[in-house]
Chemist: 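Structure incoming, see below.
Only this structure's heavy atoms are used, side chains among them; waters, hydrogens and symmetry mates stay out.
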There are 2 protein chains.
Amino acid sequence: MLSIPTDEILDPRVKRTRNLLEQAFMEAVTEKGFQAVSVQDITERAGINRATFYAHFPDKYALLDHSVRQMFRQELEKRMLSVCTFSMENLRQLVIAVCEFVSNANSHCAPPQPQFESLVETQVKAQLQELLQNWIEQAGSDVDPKIAATAASWAVYGLASQWSHDKKRPPVESFADQVLPLVASNLHLMQTA
Amino acid sequence: MLSIPTDEILDPRVKRTRNLLEQAFMEAVTEKGFQAVSVQDITERAGINRATFYAHFPDKYALLDHSVRQMFRQELEKRMLSVCTFSMENLRQLVIAVCEFVSNANSHCAPPQPQFESLVETQVKAQLQELLQNWIEQAGSDVDPKIAATAASWAVYGLASQWSHDKKRPPVESFADQVLPLVASNLHLMQTA
DNA sequence: TTGCTTAGGCAACAGATGTTGTATAATTTA
DNA sequence: TAAATTATACAACATCTGTTGCCTAAGCAA
């Protein structure tokens with residue numbers, strides 16, 4: 001297993017290989033669905049030896065983890081949510097961001113596959129939890145930040161996931177407005193906004 | 001694939017085979033951990049042909065799903081939570097039940113394995129959602145029952161999961177007391193209790 | 001540049017997976 | 001009881017999986 005860190009100087013060969021693998025992986029997933037994609041598929045498309053794959057990732061699930069983490073992080077940065085403090089408007093934007101990300105991820109993988117969605121969930125929730133905990137701590141609330149952040153991040157992800165599966169779902173914005181008070185109640189920060 | 005329903009008259013051969021598989025599966029999991037268990041393991045222990053396994057379950061993940069669903073359902077029935085209406089005390093008991101179930105499940109599988117936990121999560125949350133939605137509907141709240149039940153069930157599971165991973169965790173009862181208001185706020189039913 | 005370090009290519013392996021076809025035995029239905 | 005249905009056993013299969021050892025070549029540091 002080679003070094004994993006994202007923000008570190010990497011051997012250009014490593015960078016190249018991982019990019020090829022990630023790219024081939026996304027292609028294969030959108031084409032055949034996550035379940036049907038084998039490590040063989042990925043490495044053949046990428047023009048990388050199969051053994052090399054295992055030098056970077058234990059299995060295809062780890063590669064999915066890695067890709068999702070990276071994509072969601074980029075999404076948060078693009079929307080400048082990773083560098084701000086709590087406000088109702090920011091919370092609203094966060095809900096929208098999660099809804100759109102989850103919806104987009106799931107659309108790449110019909111029919112719904114629990115394994116795939118679980119891995120997306122784990123990565124997204126981890127970053128949500130971290131972000132919300134920061135917001136709570138900075139706002140100096142009286143609740144336990146970790147506990148509140150846990151409840152809130154799970155609630156947000158759950159609502160986003162349900163929305164994304166809704167056959168005739170409302171526009172993201174109105175859905176966000178609808179659930180905002182519910183989500184905010186987990187943070188106990190309404191008054192400090 | 002044979003018929004799945006739980007509460008139906010089953011061919012005794014099917015019942016026997018599934019019981020043997022479930023039993024062998026649980027043995028193998030507690031002994032080697034979920035990841036390391038192969039379909040071979042299970043069928044050899046059970047004295048069942050490997051091909052027969054695939055006549056009942058698509059893979060070992062489906063068997064885990066099945067087992068967990070069954071165990072959690074039994075747990076709820078034992079605590080008589082599946083046949084009651086909302087009250088703060090019942091909600092408290094529910095939180096405790098989930099904490100203990102999750103903790104017990106995870107203890108069977110060290111070190112923590114996301115795949116395993118994700119499958120447990122999916123099954124537990126599905127039943128939580130159903131139960132909470134019933135509570136909300138029976139209480140005749142003004143919130144959307146589905147949305148509130150989603151937020152609450154995810155929050156409950158998330159908190160239980162975090163508690164179960166806490167190295168020096170407080171007793172279940174005091175943890176339940178601590179998070180109860182947070183959980184209840186998702187239901188918007190505090191006044192009707 | 002030279003030499004050291006390390007990633008990737010290649011081949012081969014044992015093992016697991018999922019599937020198929022046929023035969024046998026258990027169960028149900030009439 | 002006799003005939004039907006259907007679950008299981010068994011064997012064999014192509015495929016995928018993780019892993020290993022050896023070799024080549026790309027990158028880095030003196």
Side-chain angles (χ1 to χ4, degrees), chain A residues 1-6 8-25 27-29 31-66 111 113-116 119, chain B residues 1-25 27-29 31-67 111 113-116 119:
Chain A
M1 178 62 59
L2 309 176
S3 54
I4 293 280
T6 314
E8 211 170 294
I9 308 101
L10 284 184
D11 189 317
R13 291 169 295 179
V14 174
K15 203 161 197 167
R16 170 183 167 277
T17 299
R18 290 201 186 150
N19 284 339
L20 287 172
L21 286 176
E22 287 168 24
Q23 199 176 323
F25 175 63
E27 270 181 38
V29 166
E31 189 177 304
K32 315 172 57 175
F34 177 69
Q35 184 75 9
V37 172
S38 67
V39 175
Q40 294 235 44
D41 280 332
I42 302 167
T43 53
E44 278 171 14
R45 282 171 197 260
I48 299 290
N49 191 275
R50 197 167 57 85
T52 303
F53 177 96
Y54 290 104
H56 290 270
F57 304 98
D59 49 38
K60 66 172 179 171
Y61 301 96
L63 176 52
L64 177 61
D65 256 28
H66 178 77
Q113 297 180 343
Q115 298 217 4
F116 176 82
L119 294 181
Chain B
M1 177 63 60
L2 310 176
S3 56
I4 294 281
T6 315
D7 302 335
E8 213 171 292
I9 307 100
L10 283 186
D11 189 318
R13 290 170 294 180
V14 173
K15 202 162 196 165
R16 172 182 166 276
T17 299
R18 290 201 187 153
N19 285 339
L20 287 172
L21 286 175
E22 287 168 24
Q23 199 175 323
F25 175 64
E27 269 181 40
V29 165
E31 188 177 304
K32 315 172 59 176
F34 177 69
Q35 184 75 9
V37 173
S38 67
V39 174
Q40 295 237 44
D41 280 331
I42 302 168
T43 53
E44 277 171 14
R45 282 172 196 259
I48 298 292
N49 191 276
R50 196 166 57 85
T52 303
F53 178 97
Y54 290 103
H56 290 269
F57 305 98
D59 48 38
K60 68 173 180 170
Y61 300 96
L63 175 52
L64 177 60
D65 256 29
H66 178 78
S67 301
Q113 297 179 342
Q115 300 218 2
F116 176 83
L119 294 181

Chemist: Using the ring of each side chain (for Trp, its six-membered ring), is A/F25 parallel, tilted or perpendicular to A/F34, with breaks at 30° and 60°?
Modeler: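 Rings of A/F25 and A/F34: perpendicular, as their planes differ by over 60°.
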Chemist: Using heavy-atom distances to pick each residue's nearest nucleotide on DNA chain C, tell me which of B/D41 and A/T52 is more 5'.
Modeler: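 Here A/T52 is the residue nearer the 5' end.
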Chemist: I need the minimum non-hydrogen distance between A/T52 and A/T17, along with the two atoms involved.
Modeler: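 Nearest heavy atoms, A/T52 then A/T17: CG2-CG2, 4.1 Å.
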Chemist: Measuring from the side chain of A/A51 (C-beta onward, heavy atoms only), which nucleotide among D/dT20, D/dA12, C/dG8 has the closest atom?
Modeler: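 For A/A51, the side-chain atoms sit closest to D/dT20.
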Chemist: Report yes if a side-chain nitrogen or oxygen of A/H56 is closer than 4.0 Å to either non-bridging phosphate oxygen (OP1 or OP2) of C/dG8; otherwise report no.
Modeler: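 The answer is yes; a side-chain N or O of A/H56 sits under 4.0 Å from OP1 or OP2.
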Chemist: Return the nearest nucleotide to the side chain of A/Q40; candidates are C/dT17, D/dT17, D/dA7.
Modeler: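 Closest of the options to the side chain of A/Q40: D/dT17.
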Chemist: Name the closest nucleotide to the B/P12 side chain, picking from C/dT28, C/dG8, D/dA12.
Modeler: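 My answer, after comparing the listed nucleotides, is C/dT28.
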Chemist: From CG of B/D11 over to P of D/dA4, roughly how many Å is that when rounded to an integer?
Modeler: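 Computing the B/D11:CG to D/dA4:P distance gives 19 Å.
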Chemist: Taking A/E31 first and then A/R45, would you say they form a salt bridge - that is, a charged N and a carboxylate O separated by under 4.0 Å?
Modeler: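 A salt bridge is present here (some side-chain N lies under 4.0 Å from a carboxylate O).
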Chemist: Examine D/dG18: is either OP1 or OP2 under 4.0 Å from a nitrogen or oxygen in the side chain of A/Y54? Give yes or no.
Modeler: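 For D/dG18, OP1/OP2 do have a side-chain N/O of A/Y54 under 4.0 Å.
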Chemist: side-chain contact (heavy atoms from CB on, under 4.5 Å) between B/K15 and B/D11: does it pass, once the steps are laid out?
Modeler: CA-CA 6 Å; B/K15 202 162 196 165; B/D11 189 318; over 6 Å; no
Chemist: Are OP1 or OP2 of C/dG15 and a side-chain N or O of B/S38 less than 4.0 angstrom apart?
Modeler: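 It does not, given that no N or O in the side chain of B/S38 lies less than 4.0 Å from OP1 or OP2 of C/dG15.
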Chemist: Could you tell me the separation between the CD atom of A/Q35 and the C1' atom of C/dT17, rounded to a whole number of Å?
Modeler: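 Between C1' of C/dT17 and CD of A/Q35: 12 Å.
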Chemist: In whole angstrom, what separates A/N49's CG from D/dT20's C1'?
Modeler: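 That distance rounds to 13 Å.
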Chemist: Of B/R16 and B/R50, whose closest DNA chain D nucleotide lies nearer the 5' terminus?
Modeler: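 That would be B/R16.
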Chemist: Figure out the CZ/P separation between B/F34 and C/dA16, and round it to whole Å.
Modeler: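 Going from CZ in B/F34 over to P in C/dA16 covers 16 Å.
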Chemist: Roughly, in whole Å, what's the span from CZ in A/R13 to C1' in D/dC28?
Modeler: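 Going from CZ in A/R13 over to C1' in D/dC28 covers 9 Å.
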Chemist: Given atom CZ of A/F53 and atom P of C/dG8, what is their separation to the nearest angstrom?
Modeler: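 For the pair A/F53 CZ and C/dG8 P, the rounded distance is 13 Å.
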Chemist: In whole Å, I'd like the distance from the OH atom of A/Y61 to the P atom of D/dC16.
Modeler: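 So the OH-P distance, A/Y61 to D/dC16, works out to 15 Å.
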Chemist: Quick one, B/I42 and B/L63 - any side-chain contact, counting heavy atoms below 4.5 Å?
Modeler: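 Result yes, sub-4.5 Å side-chain heavy-atom pair found.
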Chemist: Specify the separation, in whole Å, of atom CD1 of B/I42 and atom P of C/dG18.
Modeler: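 Taking atom P of C/dG18 as the reference, CD1 of B/I42 is at 11 Å.
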